[in-house]
**Q** 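My questions all concern the structure below.
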Amino acid sequence: MRVSVVQMNPGHDKAENIAQATRLVEAAIAADRPGLVALPEMWTCLGGDRATRLAAAEALPPEGSGAAGGEAYECLRGLARRHGVHLHGGSIAESGAEGGRLYNTTLAFGPDGTELARYRKIFLFDITRPDGSGHRESNTYAAGDQVVTYRAGDLRVGCAICYDLRFPELFLALRRQGAELILLPSAFTLETGKDHWEPLLRARAIETQCWLAAPATWGQHQERAGPRRTYGHSLVVDPWGHVVARASDGKGWATARLDPALTARLRRDMPVLEHRDAARVRWA
């Protein structure tokens, strides 16, 4: 299967972001004919204040109902159905969490427009810098508590989002559920991205012997506290840890062909999961 990771520069205007995502997804499909296309984290609304994020959020229809959703939901479903592709919808803000908060939620759709999965980000980005500034995702978002995989054709896909990348136990759980590809839509900050983005992605691929595909946001957006920049550099990494596709600066995409024979060979020749399960150490 060919996989395209789309790199966006979203702001806090939801309608403009939906139009940008539609253009980029359709351009990637026309150019590279992927079987799966993935968008970045919070592509519908990045930045703005709390009121802006709440206004951009969507209540999702009950899973399996086939009922209509909001603008972003229907955009994703429509693109998947219209072009006959699997569409991993990055993440959007889902309303309905306790205390008036939101969820940071991935949605995935099949080529017929059927919703295949929804995943709520587990690890929330709460940090304070030495100067006292910082970011507290938990002020607006609630954490999910489910490990999620889904099938895209013959491929088992695992779900993670951005800051989840720093927690290898989630990626091991996805591998145990049969994941061969792990999607990591992100809005990695420029400060951390330049040093940690690629090393962590390559490490997670090597540890799990999975393909890692990471569509990311790039460029500047406006937060309440001032302008912020995200790193971009959307990547596809193979199970040996090689970067096989990379987006440049700016809006665009990168595409790679996933080779299941490579995955099978690496897992056969270096059976790390079996070695882990055979270990007699009681891990804390």
Side-chain angles (χ1 to χ4, degrees), residues 8 10-18 21 38-65 67-77 88-109 115-129 132-150 158-167 169-170 173-174 183-189 192 215-217 221-228 230:
M8 292 180 59
H12 58 264
D13 186 316
K14 184 177 179 180
E16 288 187 7
N17 294 335
I18 288 175
L39 287 164
E41 181 185 24
M42 286 297 161
W43 61 272
T44 52
C45 182
L46 193 63
D49 57 15
R50 179 182 173 88
T52 301
R53 291 191 286 272
L54 291 172
E58 298 185 7
L60 302 184
E63 289 188 77
S65 69
E71 300 95 330
Y73 188 96
E74 290 304 318
C75 171
L76 295 169
R77 178 154 64 178
H88 190 94
S91 74
I92 69 170
E94 176 195 354
S95 59
E98 290 184 5
R101 291 186 295 171
L102 309 172
Y103 291 111
N104 186 339
T105 301
T106 288
L107 298 162
F109 294 88
E115 183 185 327
L116 300 177
R118 60 180 68 173
Y119 164 72
R120 293 166 172 166
K121 184 178 182 180
I122 292 173
F123 294 102
L124 302 180
F125 186 51
D126 286 358
I127 60 101
T128 302
R129 299 182 180 90
S133 66
H135 190 97
R136 291 197 63 81
E137 194 172 15
S138 63
N139 286 345
T140 304
Y141 298 92
D145 60 3
Q146 298 294 316
V147 177
V148 175
T149 65
Y150 66 92
C159 298
I161 299 173
C162 200
Y163 190 55
D164 287 340
L165 181 60
R166 295 184 181 275
F167 301 91
E169 57 268 33
L170 171 59
L174 292 168
L183 267 293
L184 186 89
S186 296
F188 237 69
T189 67
T192 57
T217 62
H221 64 276
Q222 191 68 31
E223 298 275 0
R224 186 182 62 178
R228 288 197 174 160
T230 52

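FYI, side chains are in, hydrogens and waters are out, and symmetry mates aren't considered; it's all heavy atoms of this structure. Remember, predicted model here, so these are calculated numbers, not experimental data.
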**Q** If we ignore hydrogens and angles and just use 3.5 Å, is the side chain of R77 paired with the main-chain N or O of E115 as donor and acceptor?
**A** no

**Q** How far apart are the closest heavy atoms of E74 and G69, and which atoms are they?
**A** OE2-N, 2.8 Å

**Q** For the pair S186 (side chain) and A216 (backbone), establish whether a donor and an acceptor sit closer than 3.5 Å, ignoring hydrogens and angles.
**A** no

**Q** Holding to ring pair (Phe, Tyr, Trp, His ring centres under 6.0 Å), I want the full list of residues that pass it with F188, two or more places apart in sequence or in another chain.
**A** W197

**Q** Please determine whether side chain to side chain contact (heavy atoms under 4.5 Å, CB included) holds for the pair T189 and F125, giving the CA-CA distance in whole Å, both sets of side-chain angles, and the decisive distance to 0.1 Å.
**A** CA-CA 11 Å; T189 67; F125 186 51; 4.2 Å; yes

**Q** Ring pair (Phe, Tyr, Trp, His ring centres under 6.0 Å) with Y141: which residues, sequence neighbours excluded?
**A** none

**Q** Do you know which two heavy atoms are closest between P61 and A68, and how far apart they sit?
**A** CB-O, 3.8 Å

**Q** Measure the spacing between CG of L107 and CD of E58 and express it to the nearest 0.5 Å.
**A** 8.5 Å

**Q** Tell me every residue that passes side-chain hydrogen bond (donor to acceptor under 3.5 Å, both in side chains) with R53, counting only those two or more places apart in sequence or in another chain.
**A** none

**Q** Rounded to the nearest 0.5 Å, what separates atom CZ in R136 from atom CG in D126?
**A** 4.0 Å

**Q** Please list, chain by chain and in numerical order, all residues satisfying salt bridge (charged side-chain N to carboxylate O under 4.0 Å, His left out) with D13, sequence neighbours excluded.
**A** none

**Q** In Å, rounded to the nearest 0.5 Å, how long is the span from OH of Y119 to CG of L174?
**A** 7.5 Å

**Q** Between the side chains of Y163 and N104, does any donor sit under 3.5 Å from an acceptor?
**A** no

**Q** Determine the minimum heavy-atom distance between P185 and A160, stating which atoms define it.
**A** CD-O, 3.1 Å

**Q** Can you check whether K121 reaches C162 side chain to side chain, under 4.5 Å on heavy atoms?
**A** yes

**Q** So, using side chain to side chain contact (heavy atoms under 4.5 Å, CB included) as the criterion, who are the partners of E98 when residues are at least two apart?
**A** none

**Q** Excluding sequence neighbours, so at least two apart, what forms salt bridge (charged side-chain N to carboxylate O under 4.0 Å, His left out) with E71?
**A** K14

**Q** Can any side-chain N or O of R50 pair as donor or acceptor with the backbone N or O of N139 at less than 3.5 Å?
**A** yes

**Q** Before you tell me yes or no, could you show the steps for T106 and S91 under side chain to side chain contact (heavy atoms under 4.5 Å, CB included), namely the whole-Å CA-CA distance, both residues' side-chain angles and the distance that decides it to 0.1 Å?
**A** CA-CA 4 Å; T106 288; S91 74; 4.1 Å; yes

**Q** With sequence neighbours left out, what residues match Q222 under side chain to side chain contact (heavy atoms under 4.5 Å, CB included)?
**A** P227

**Q** Indicate yes or no: at least one non-hydrogen side-chain atom of T192 is less than 4.5 angstrom from one of R166.
**A** yes

**Q** Only counting residues at least two apart or in another chain, list the ones meeting salt bridge (charged side-chain N to carboxylate O under 4.0 Å, His left out) with R120.
**A** E94

**Q** Can you measure from CG (L184) to CD1 (I161) and round to the nearest 0.5 angstrom?
**A** 8.5 Å

**Q** Not counting sequence neighbours, which residues clear side-chain hydrogen bond (donor to acceptor under 3.5 Å, both in side chains) with H12? List them please.
**A** none

**Q** Could you list the residues that satisfy side chain to side chain contact (heavy atoms under 4.5 Å, CB included) with A187, not counting sequence neighbours?
**A** E41, L46, T217, T230

**Q** Looking at P215 and A38, what are the two nearest heavy atoms and their distance?
**A** CB-O, 3.5 Å

**Q** What are the two closest non-hydrogen atoms of L102 and S95, and how far apart are they?
**A** CD2-CA, 3.8 Å

**Q** Going by the rule ring pair (Phe, Tyr, Trp, His ring centres under 6.0 Å), which residues pair with Y150 if we only count those two or more places apart in sequence or in a different chain?
**A** H88

**Q** Please identify each residue that fulfils side chain to side chain contact (heavy atoms under 4.5 Å, CB included) with Q146, with sequence neighbours left out.
**A** V148

**Q** Which pair of heavy atoms, one from I92 and one from W43, lies closest together, and at what distance?
**A** CG2-NE1, 3.6 Å

